[in-house]
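First the structure, in the form of structure tokens, and then the observations on it.
Numbers here are sequence positions counted from 1. Hydrogens, waters and symmetry mates are skipped; everything else that's a heavy atom, side chains included, is used.
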Amino acid sequence: WPSYILNVHPFSHNLVMKHIPGADPELVLLNHYYEELDRIPLSEMTRTEINKLLATLGFYKKENPEDQVPEEFRFAPAKDSPFEGQSTSPPPKTDTDQSEADSQHTDL
């Protein structure tokens with residue numbers, strides 16, 4: 001992957017980078033339930049084009065990787081949160097919860 005793709009990641013909120021050896025880079029858009037919405041190939045795009053795409057899609061870009069994200073952008077780029085008005089703090093994890101999560105997301 002071109003290094004500029006790797007450099008975009010730390011500044012974009014809710015963007016997770018996963019390197020798959022031998023695979024062309026692509027942006028996979030998921031909803032709140034981790035269901036795939038779209039795949040966008042990135043291999044032919046420049047850094048500027050990728051930054052513009054992320055901005056167009058509504059990803060919040062931080063000035064510094066360690067900066068806090070404003071509350072109104074916490075779920076960005078999603079337009080609406082299915083968790084509106086609910087506590088978004090996850091419940092305490094148990095050993096059973098972790099083993100179920102591991103088996104469900106073997107691609108992570």
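For the pair P70/Y60, a side-chain contact is recorded, criterion being any heavy-atom separation below 4.5 Å from C-beta on. Within the 4.5 Å cutoff, the side chain of L57 has heavy atoms near those of the I40 side chain. Side chains of L15 and L54 form a contact here, defined as non-hydrogen atoms less than 4.5 Å apart.
Scanning all heavy atoms of the two residues, the minimum distance from R74 to V69 falls at N-CG1, 4.2 Å. Taking each heavy atom of G58 and A76 in turn, the nearest pair found is O-CB, 3.5 Å. In this structure, E49 and E44 approach most closely via the heavy-atom pair OE1-O, 3.9 Å. Considering every non-hydrogen atom in both V28 and R39, the closest pair reads CG2-NH1, 3.6 Å. Between M45 and I50, the closest heavy-atom pair is CB-CG1, 3.8 Å.
Other residues, nucleotides and ligands contribute over 12 non-hydrogen atoms within 6.0 Å of the CD atom of E36. A 6.0 Å sphere centred on NZ of K61 holds no more than 12 heavy atoms belonging to other residues, nucleotides or ligands.
Side-chain atoms of D38 do not come within 3.5 Å of backbone N or O of L29 as any donor-acceptor pair. In this structure, N31 contributes its side chain and Y33 its backbone to a donor-acceptor pair below 3.5 Å. Side-chain N or O atoms of N51 include none that pairs as donor or acceptor with a backbone N or O of T48 at under 3.5 Å.
To the nearest 0.5 Å, atom CG of residue L53 and atom CG of residue L42 are 7.0 Å apart. To the nearest 0.5 Å, the span separating CD on E66 from CD on E63 amounts to 11.0 Å.
Scored by the ring-ring contact (aromatic ring centres under 6.0 Å, His included) test, F59 finds no partners at all (sequence neighbours excluded).
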